[in-house]
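For reference, the structure discussed in these notes is given below.
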Amino acid sequence: MTWLSPSHLLRQRSPPFRAATSPRLRDLIALVLMHQDRRRQLLQIHTQFIAHQVFDRNPAPWRAFLKAYSHGPFPLEALHLFRHARQHLADDTFAFAFVLKACAGLGWPQAGAQLHALMVQKGFEFHAYVHTALVNVYVVSGCLVEAWKAFDEMPVKNIVSWNVMITGFAGWGEVEYARLLFDQMPCRNVVSWTGLIDGYTRACLHVEAVALFRHMMAGGISPSEITVLAVVPAISNFGGILMGEMLHGYCEKKGIVSDARVGNSLIDLYAKIGSVQNSLKVFDKMLDRRNLVSWTSIISAFAMHGLSVEALELFAEMRRAGIRPNRITFLSVINACSHGGLVERGLAFFKSMVYEYNIDPEIKHFGCIIDMLGRAGRLCEAEQIIEGLPMEVNVIVWRILLGCCSKYGEVEMGKRAIKMISDLERESGGDFAVLSNVLNELGRFIDAEQARKLLDERKIVKVPGIALVGDIQ
DNA sequence: CTAGGGTTAG
């Protein structure tokens with residue numbers, strides 16, 4: 001069985017495997033298929049056969065394969081390829097950059113560290129591109145201390161090295177470090193700004209994100225598509241319709257509305273800041289650039305604003321256009337039904353999702369269904385669904401039910417929901433804002449004295465929570 | 001050769 005090992009195959013330089021009819025090759029493929037080791041392994045071995053037959057010692061084609069694999073959906077193949085073709089690639093800095101890219105794609109810091117050792121051995125440890133790629137491996141894997149160390153010891157840093165650190169740290173929520181790096185770097189480009197803006201948006205520091213965006217524009221740096229994508233959530237949370245229209249206008253001027261992702265995020269932005277008309281305008285203009293996300297975004301925009309019939313019409317149109325809905329499309333569709341009181345249709349869509357489209361329902365889908373039943377006053381059915389959920393129940397579904405209970409004055413069920421919510425919050429060490437919301441809801445059901453009693457109980461419960469925060473710091 | 005990415009129940 002040792003001949004199954006690809007490295008063994010590579011060592012056999014001659015004679016080369018002649019054709020696909022070679023019994024050895026046939027056996028090998030049969031074996032691979034028999035072992036059900038799927039496409040991945042077959043692909044890997046197949047590639048090596050071709051590469052071996054055609055290229056043999058020449059490193060360039062190996063490098064091309066490595067590049068293709070490291071950027072594609074199968075980064076593991078890049079690692080395999082590298083390991084088996086090391087004799088061709090060991091001194092190639094390009095190959096190291098690619099294979100490190102693959103490690104980043106896999107989020108494998110250990111593999112990165114091994115390559116680091118190899119880099120030291122080969123004497124190009126401080127090659128700027130390769131070392132940047134190494135820093136990136138650490139940063140995307142969340143090994144921020146390692147990343148910082150590796151970055152710190154780089155004798156020559158380029159702008160990409162800094163940007164790797166900024167986007168990485170911002171992406172892991174370390175906005176302050178990202179800011180520090182941003183302020184320290186000798187010169188910044190649009191990626192540096194975008195990375196930081198994205199960090200602020202993710203950290204819900206929307207005002208800062210928008211301020212930074214304006215600062216960037218004022219500094220004469222032109223936002224890219226990605227910058228727009230990064231700043232949109234901030235504007236939809238904090239900016240008004242005017243700011244949204246300004247951004248939209250800017251995108252048109254710069255010609256980046258033609259990017260489907262930008263168009264889609266504008267649809268969503270307008271929906272969230274209260275202008276479905278503008279959402280529709282953007283959607284209409286997209287014409288042939290519409291994709292599944294565009295359709296889903298516009299359906300969800302209509303659903304958000306209670307335009308259920310229109311949302312369902314769009315869904316029908318989407319299907320006529322031959323686009324297959326996904327789990328998020330169905331979420332929006334069921335949400336539309338929920339907001340419009342179209343209970344039976346919503347249930348039918350849910351069924352169709354599961355049985356016709358073979359999409360496994362998630363907690364969010366059930367959340368919509370529960371909301372739909374609850375809004376229509378079918379509270380018992382809603383509660384039964386929660387109790388029979390095939391997955392872990394979260395606070396949100398109970399909160400949905402609670403909202404419906406308070407709407408219909410269902411005191412007993414409401415109390416049960418509150419109990420579940422406070423239990424779940426306690427488990428996750430919930431915060432005071434959430435707690436006070438629950439108590440607010442509670443006030444609708446029980447008298448002041450009972451509420452106070454519950455509050456006292458909660459205070460007792462909160463003590464360990466406070467102590468825990470102390471421990472962390 | 002190394003950096004940024006859209007829609008998701010209340």
Side-chain angles (χ1 to χ4, degrees), chain A residues 63-64 66-67 70-71 92-101 104 127-137 139-140 154 157-168 170-171 189-199 223-233 259-269 271-272 279 283 291-301 303-304 325-339 346 361-372 374-375 394-404 421 434 437 441:
Chain A
R63 196 198 276 164
L66 202 56
K67 179 181 179 182
S70 60
H71 291 263
D92 185 19
T93 53
F94 285 66
F96 271 80
F98 292 140
V99 80
L100 283 164
K101 167 93 180 171
H127 184 283
Y129 283 33
V130 176
H131 204 104
T132 299
L134 174 72
V135 172
N136 188 46
V137 174
V139 116
V140 303
M154 279 180 87
K157 305 170 174 72
N158 62 26
I159 194 161
V160 181
S161 325
W162 288 93
N163 287 343
V164 160
M165 290 290 284
I166 290 172
T167 54
N189 66 8
V190 62
V191 179
S192 333
W193 286 91
T194 304
L196 196 58
I197 290 170
D198 189 43
S224 70
E225 292 89 330
I226 316 285
T227 321
V228 174
L229 298 180
V231 81
V232 154
D259 185 297
R261 298 167 304 177
V262 171
N264 295 342
S265 67
L266 286 175
I267 293 172
D268 182 57
L269 171 66
K272 283 182 178 151
S279 291
F283 178 77
N291 59 20
L292 174 62
V293 180
S294 324
W295 286 97
T296 304
S297 301
I298 192 71
I299 291 169
S300 125
M304 251 181 244
N326 69 5
R327 54 200 187 89
I328 300 166
T329 318
F330 274 109
L331 201 61
S332 305
V333 168
I334 298 168
N335 196 24
C337 295
S338 163
H339 286 247
E362 294 162 25
I363 189 85
K364 290 182 184 180
H365 296 106
F366 285 111
C368 280
I369 295 285
I370 290 155
D371 185 55
M372 188 171 70
R375 272 172 202 260
N394 63 21
V395 216
I396 298 172
V397 293
W398 284 111
R399 204 161 274 152
I400 291 168
L401 189 72
L402 180 60
C404 298
I421 292 168
V434 179
N437 280 341
E441 292 289 346

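In what follows, chains are A, B, ... by sequence order, proteins preceding strands, each numbered from 1.
- Each of B:dG10, B:dG4, B:dT7 was ranked by its minimum atom distance to the side chain of A:Asp198; first place goes to B:dG4.
- Proximity note for A:Arg399 (side chain, C-beta onward) versus B:dG5, B:dG10, B:dA9: the nearest is B:dG10.
- Atom CE in A:Met165 sits roughly 14 Å away from atom P in B:dG4 (whole-Å rounding).
- With rounding to whole Å, A:Asn335 atom CG is found 10 Å from B:dT8 atom P.
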ask   = Does the side chain to side chain donor-acceptor pair (under 3.5 Å) test come out yes or no for A:Asn335 and A:Ser332, once each step is laid out?
value = CA-CA 5 Å; A:Asn335 196 24; A:Ser332 305; over 6 Å; no

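- When distances are taken from the side chain of A:Ile396 to each of B:dT7, B:dT2, B:dG10, the shortest belongs to B:dG10.
- Closest approach to the A:Leu331 side chain among B:dG10, B:dT8, B:dT2 is made by B:dT8 (side chain taken as heavy atoms from C-beta onward).
- Going from atom CZ of A:Arg261 over to atom C1' of B:dG4 covers 10 Å, rounded to whole Å.
- With distances taken from any side-chain atom of A:Ile328 to the nucleotides B:dT8, B:dA9, B:dA3, the minimum falls on B:dT8.
- In this structure, A:Tyr129 places its OH atom 8 Å from P of B:dC1, rounding to the nearest Å.
- For B:dT2, the OP1/OP2 oxygens have no side-chain nitrogen or oxygen of A:Lys157 closer than 4.0 Å.
- Straight-line distance from the CZ atom of A:Phe94 to the P atom of B:dT2: 10 Å, rounded to whole Å.
- Not one side-chain nitrogen or oxygen of A:His131 sits closer than 4.0 Å to the OP1 or OP2 atom of B:dC1.
- Of the candidates B:dA3, B:dT7, B:dC1, the closest approach to any side-chain atom of A:His127 belongs to B:dC1.
- Side-chain proximity of A:Ser224 to the nucleotides B:dA3, B:dG4, B:dT2 is greatest for B:dG4.
- Here A:Lys272 pairs with A:Asp268 under the salt bridge (charged side-chain N to carboxylate O under 4.0 Å, His left out) rule; sequence neighbours left out.
- Between the side chains of A:Ser224 and A:Thr227, at least one donor-acceptor pair of N or O atoms lies under 3.5 Å.
- Side-chain proximity of A:Ile226 to B:dG4, B:dT2, B:dT8: nearest is B:dG4.
- Here A:Asp198 pairs with A:Arg202, A:Ala230 under the side chain to side chain contact (heavy atoms under 4.5 Å, CB included) rule; sequence neighbours left out.
- Distance A:His365 NE2 to B:dA9 C1': 9 Å, rounded to the nearest Å.
- Within the 4.0 Å cut-off from OP1 or OP2 of B:dA3, not a single side-chain nitrogen or oxygen of A:His71 is found.
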